[in-house]
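Below is one structure; the comments refer to it alone.
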Amino acid sequence: MTTGTVVNRASLLMTVGPEPGRSIDLGERGLTIGRGSDCDVVLRDAFKAVSSHHARVVLGADGAFWIEDLNSLNGTEVDGALIRGQKVGLRHGSRIRIINYQFICRLNDDTTTIQGVVHPPSSSDDIVLYRPEAKLKGLLEICQALGQSRDPEEIAVRALECLFAIFPESDQGLVVLEGPQGLERFVRHREGRDSSVYFSRTLFARVISEAKALLCQDALGPGSSEESIAHSQAYMMMCAPLCDHQRRPVGMIQMDTSRRKGRFTQDDLDVLAAVAGPVGTFVENARLQRLAAEVRQAERDAREFQWALLPGERPAPPGYHFWDGYEPAEFVGGDFYDYLPMPPRDQTRPGRLAIAVADVVGKAMPAAKLMARASTLLRRAVLVEETPVAIVGRINRDLVRLLDDPERYVTLVLGVLDPTQHTLTVVRAGHPDPLVRRADGRVESIAPTSKGTVLGFDEKSTYTEVTIPLAPGDLVVFHSDGLTDGHDGDSRRPGREGLVKAIEQAPADVAGAGRWLLDRAHEFSAGQPQSDDITLVCFGRVSE
């Protein structure tokens with residue numbers, strides 16, 4: 001079995017010229033006409049009255065054919081009107097003249113007689129109406145052949161091969177599937193040779209719109225008129241819709257026979273309608289599995305990209321310990337955190353470290369894209385600005401220029417740790433206030449009155465710094481609001497008070513405290529979906 005081609009029943013019929021009666025298929029994209037050897041239709045002309053590239057027939061986006069004169073020397077005549085450098089629509093029966101050549105346009109592809117109509121069975125209880133043994137045998141063979149297939153093309157090809165056995169009078173078959181990129185077509189011929197299978201757009205539209213199986217016969221038959229020349233040897237065809245799980249047509253299966261093979265009957269159509277059911281189901285399953293695999297791969301790629309933007313390791317300045325946790329609510333998140341060494345102001349104050357936790361409005365991919373931008377802007381600002389206020393101000397101005405949607409913004413808390421002076425300077429931009437647990441157990445807000453404006457909203461926003469000392473045993477907690485906004489079954493949230501209480505009860509060591517806080521958040525909302533991304537950064541000065 002080899003793959004053949006699909007030919008639409010749209011053609012030009014040469015009526016005057018060296019080959020009167022010649023049918024020229026217009027195909028999917030039309031064709032070019034002229035004297036040049038690279039044209040699809042070459043018109044020999046010793047006097048060169050026909051231009052090298054004289055005209056072309058094209059298929060428009062609306063499915064209609066047009067003819068365009070390619071600025072030829074002598075023009076193109078369409079239905080008695082001469083055009084030069086213009087494009088006009090074609091209809092069924094339009095007459096085209098190029099110098100001494102004349103053509104008739106045949107666009108009405110519905111040149112068949114509908115001899116039978118069947119509504120496909122809606123359930124397995126309806127399948128035994130005619131030729132029950134053939135129908136059940138066909139269903140069994142289809143299911144056995146397609147049961148392990150995971151590719152729509154493989155399913156289409158195997159289905160056609162099974163149908164050749166069910167219908168010994170068939171010559172060739174065609175499966176047409178509607179897809180996001182247009183129609184997908186798969187052809188098979190019984191005799192193992194390449195073959196053109198003629199595809200009627202009109203019949204396809206009827207099968208899809210009416211969800212009916214059709215038994216068709218060539219209206220004219222070979223030799224009876226010029227139209228039948230375009231129909232090759234196909235004499236009869238059966239077409240049945242392929243439906244998804246909701247019984248919506250997603251494609252069509254077609255079987256053809258020629259006069260030398262025999263005829264299809266109403267019983268054959270009923271069998272085809274029955275076996276088309278599982279074929280449609282298998283195609284839909286394969287498409288859904290392929291789509292699910294593509295989605296999973298896209299999620300993996302996005303997750304790997306986002307994790308690559310996060311710190312690869314925790315900092316370890318002398319006398320300090322760090323711990324962090326990150327849990328996106330979906331496959332990717334809008335939160336991010338980072339640790340960035342800052343250029344020294346002078347040789348007496350080396351080793352300053354910028355610590356950032358940010359939250360981008362939204363979730364999933366839109367938030368992740370903005371998160372990547374904001375992360376890049378943060379890293380650039382840290383390299384060129386000396387103070388936390390200057391860093392945050394620069395990020396804000398850059399985001400305002402980048403964002404054109406007032407509903408998209410970023411919240412940020414930025415801290416600069418000076419491990420030699422044992423100070424922490426904090427700037428907030430609409431983000432939750434970080435907390436510090438002192439060595440004696442007291443929990444304090446670091447910058448309760450300097451919330452600041454979110455980033456990306458107003459280019460003129462200003463920000464303030466708050467600097468606190470860090471003593472041995474002090475623990476600092478930076479977090480996103482996902483840590484406090486989780487809810488239980490009664491829609492209660494732990495809130496700021498719950499977090500303060502959890503920090504008061506947390507272990508003394510930094511890593512233990514971080515894990516404790518995450519565990520308490522999970523415990524509070526046990527059984528409920530995570531409502532927001534959770535980001536937590538804990539660091540503290542080692543006790544002496």
Side-chain angles (χ1 to χ4, degrees), residues 1-6 28 118-127 135-167 170 172-190 192 195 197 199 201 203-205 207-214 237-256 269 271-302 331:
M1 310 292 284
T2 58
T3 300
T5 58
V6 178
E28 284 296 302
V118 168
H119 290 275
S122 59
S123 70
S124 59
D125 296 333
D126 300 329
I127 64 172
K135 191 175 301 183
L136 293 175
K137 180 175 181 292
L139 284 170
L140 179 62
E141 291 180 352
I142 290 285
C143 292
Q144 288 177 337
L146 307 185
Q148 303 302 316
S149 299
R150 296 293 181 267
D151 180 74
E153 179 176 359
E154 181 183 0
I155 291 171
V157 170
R158 289 190 179 185
L160 291 173
E161 291 172 346
C162 290
L163 290 172
F164 284 139
I166 298 172
F167 303 112
S170 60
Q172 52 203 12
L174 165 69
V175 171
V176 184
L177 302 176
E178 290 184 318
Q181 306 301 320
L183 297 181
E184 298 179 87
R185 305 173 187 180
F186 310 102
V187 177
R188 277 294 182 269
H189 193 278
R190 177 186 294 277
S195 174
V197 175
F199 168 61
R201 286 189 296 270
L203 285 177
F204 177 75
V207 169
I208 292 296
S209 63
E210 299 179 9
K212 295 177 181 178
L214 304 177
M237 67 178 67
M238 299 185 294
C239 307
L242 303 176
C243 299
D244 62 15
H245 298 86
Q246 283 76 43
R247 306 301 300 167
R248 295 174 302 193
V250 295
M252 179 187 78
I253 191 164
Q254 172 183 315
M255 300 301 293
D256 294 354
L269 181 64
V271 173
L272 181 65
V275 300
V279 175
T281 300
F282 281 120
V283 167
E284 183 68 7
N285 287 341
R287 282 180 161 181
L288 291 175
Q289 291 175 4
R290 174 188 288 179
L291 178 61
E294 292 174 352
V295 170
R296 288 194 296 270
Q297 184 59 50
E299 290 179 351
R300 285 194 293 268
D301 293 343
F331 62 94

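Atom CG of L272 sits about 10.0 Å away from atom OG of S170, to the nearest 0.5 Å. Within the model, atoms CE of M255 and CG of L269 stand 12.5 Å from one another, a figure rounded to the nearest 0.5 Å.
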Exercise. Given E284 and V250, is the side-chain contact (heavy atoms from CB on, under 4.5 Å) satisfied, shown in steps?
Worked result: CA-CA 8 Å; E284 183 68 7; V250 295; 4.3 Å; yes
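Under the salt bridge (Lys or Arg N to Asp or Glu O under 4.0 Å) criterion, E178 pairs with no residue, sequence neighbours left out.
Among all heavy-atom pairs drawn from L174 and R185, the shortest one is CD1-CB, 4.1 Å. Minimum interatomic distance between I208 and P249 (heavy atoms only, all atoms of both residues): O-CG, 3.3 Å. Residues P241 and A211 come closest through the heavy atom pair CG-C, 3.8 Å. Annotation for L160 and Q254: closest pair CD2-O, 4.4 Å, computed over non-hydrogen atoms. Shortest non-hydrogen contact noted between L242 and A276 is CD2-O, 3.5 Å. In terms of heavy-atom proximity, V279 sits nearest to I155 at O-CG2, 4.4 Å.
Counting only heavy atoms from C-beta outward, the side chains of M238 and L214 never approach each other to under 4.5 Å.
For the side chain to side chain contact (heavy atoms under 4.5 Å, CB included) criterion with M252, the lone passing option out of L203, V207, V175, L177 is V207.
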